There are 2 protein chains.
Amino acid sequence: MRISEAASRSGLKVDTIRYYEAEGLVPNVGRGADGQRRFSPENIDWLTLLYWLRETGMPMKVMQEFAALYAQGEETIQARKDILLDHSDLLAKRRDDLDRCADILTRKLEIYEEYLR
Amino acid sequence: MRISEAASRSGLKVDTIRYYEAEGLVPNVGRGADGQRRFSPENIDWLTLLYWLRETGMPMKVMQEFAALYAQGEETIQARKDILLDHSDLLAKRRDDLDRCADILTRKLEIYEEYLR
DNA sequence: ATACCGGGCTGGAGTAGCTCAAGGTCAAGA
DNA sequence: TCTTGACCTTGAGCTACTCCAGCCCGGTAT
């Protein structure tokens, strides 16, 4: 699979994929005889996971650490699990923030309604 | 109220407040005889709102637009309401993303559990 | 009186995480 | 053959902070 397809499947942009690869976030990307990147289904799964981790605010450095562990194989699964558990905590925190902000907006909008009447 | 107190009350950092003011996001900040910023309770409420809007991903440009409307007074309330309604939509989208990512992590963690047994 | 804080000020440099643009290669279709 | 389109690399630009140097000022300790 070429980079454009990898982009449309993973959700990441073409430029972002190249950038991530350069930063060591995407292990084992092959190249064809023409020098172009070739992505395996496993690459795609990995990119998709990165997409979601980024989308929900995992910092670059953590992603790098996670990718380094992934590249080392199965004996790092415990460590990877810990990272994902930490990220789950972050998700919960973000959800609280969203809820809190939604409340604030609701109140603010009610006040605006008053003015408009 | 001085800037450090404004920071601890709003949630924004001191540097961020100064930056926001320079970018036109904080109307009507007074100065004392010593040349230092003085924040009114209304300033604090506004900064707190900005804090939550930023925290939930409102882009700078939208905040600038919102601040410009706020500075113009009550006749812009409809426009401000529209901005907050749009932002509410964004919050809903983010919430969906968080939920989706949480699902993905849960599945991933289950797979890791398999390996670890 | 003076030395030393802590907190404020400005201007400017540095950072993260992309994002875009310039300039080049190459394979396939009209 | 010519052109188009997808890919390549390198490097600049952007957003939204974040930090730092160097200065001022008011209050306390010596």
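If you're wondering where the values come from, they're calculated on a predicted model, not measured in any experiment. Heavy-atom basis, side chains included; hydrogens, waters and symmetry copies ignored.
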Taking A:Asp82 for the side chain and A:Ala79 for the main chain, is one N or O donor matched with an acceptor at less than 3.5 Å?
-> no
Using only heavy-atom distances, determine whether the side chains of B:Thr48 and B:Asp45 contain a donor-acceptor pair under 3.5 Å.
->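 Side chains of B:Thr48 and B:Asp45: no pair found under 3.5 Å.
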Report yes if at least one side-chain N or O of [X] is closer than 4.0 Å to OP1 or OP2 of [N]; otherwise report no.
X: A:Tyr20; N: C:dC18; answer: yes
X: B:Arg37; N: C:dC9; answer: yes
X: A:Arg31; N: D:dT9; answer: yes

Carboxylate-amine/guanidinium proximity below 4.0 Å for [X] and [Y]:
X: B:Asp103; Y: B:Arg100; answer: no
X: A:Lys61; Y: A:Glu65; answer: no
X: A:Lys93; Y: A:Asp97; answer: yes

Given A:Glu74, A:Arg80, A:Gln78, the one that forms side chain to side chain donor-acceptor pair (under 3.5 Å) with A:Thr76 = A:Arg80
Whole Å only: how far is the [atom1] atom of [X] from the [atom2] atom of [N]?
X: B:Glu5; N: C:dG7; atom1: CD; atom2: C1'; value: 13 Å
X: B:Ile17; N: C:dG7; atom1: CD1; atom2: C1'; value: 14 Å
X: A:Phe39; N: D:dC8; atom1: CZ; atom2: C1'; value: 12 Å
X: B:Met58; N: D:dC17; atom1: CE; atom2: P; value: 13 Å
X: B:Gln64; N: D:dC17; atom1: CD; atom2: P; value: 11 Å
X: A:Met1; N: D:dC7; atom1: CE; atom2: P; value: 13 Å
X: A:Met60; N: D:dA16; atom1: CE; atom2: C1'; value: 17 Å
X: A:Glu21; N: D:dT10; atom1: CD; atom2: P; value: 12 Å

Please determine, for the side chain of A:Met63, which listed nucleotide (C:dC18, D:dC8, D:dC17) has the closest atom?
->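 The answer is C:dC18.
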To the side chain of A:Ser4, which of C:dG17, D:dC7, C:dC9 is closest?
->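 When the side chain of A:Ser4 is considered, D:dC7 is the closest of C:dG17, D:dC7, C:dC9.
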Sugar-phosphate atoms are those with a prime plus P, OP1 and OP2; base atoms are the rest. Using that split, label each nucleotide of nucleotides 19-27 of chain C B, S or - for protein heavy atoms under 4.0 Å, 5' to 3'.
-> SB-------
Any side-chain heavy atom of B:Thr56 sitting closer than 4.5 Å to one from B:Leu90?
->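 Contact flag for B:Thr56/B:Leu90 side chains = no.
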Please list, chain by chain and in numerical order, all residues satisfying salt bridge (charged side-chain N to carboxylate O under 4.0 Å, His left out) with B:Asp34, sequence neighbours excluded.
->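 Applying salt bridge (charged side-chain N to carboxylate O under 4.0 Å, His left out) to B:Asp34 gives B:Arg38.
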Applying the Watson-Crick and G-U criteria (both distances under 3.5 angstrom) with [ ] for crossing and | for other-strand pairs, one obtains for DNA chain C ||||||||||||||||||||||||||||||
Answer with base, sugar-phosphate or nothing: what part of the nucleic acid does B:Arg18 contact at a heavy-atom distance below 4.0 Å?
->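 If one applies the 4.0 Å heavy-atom cut-off, B:Arg18 turns out to touch a base.
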Test of ring centre spacing under 6.0 Å for A:Tyr51 and A:Trp46 = no
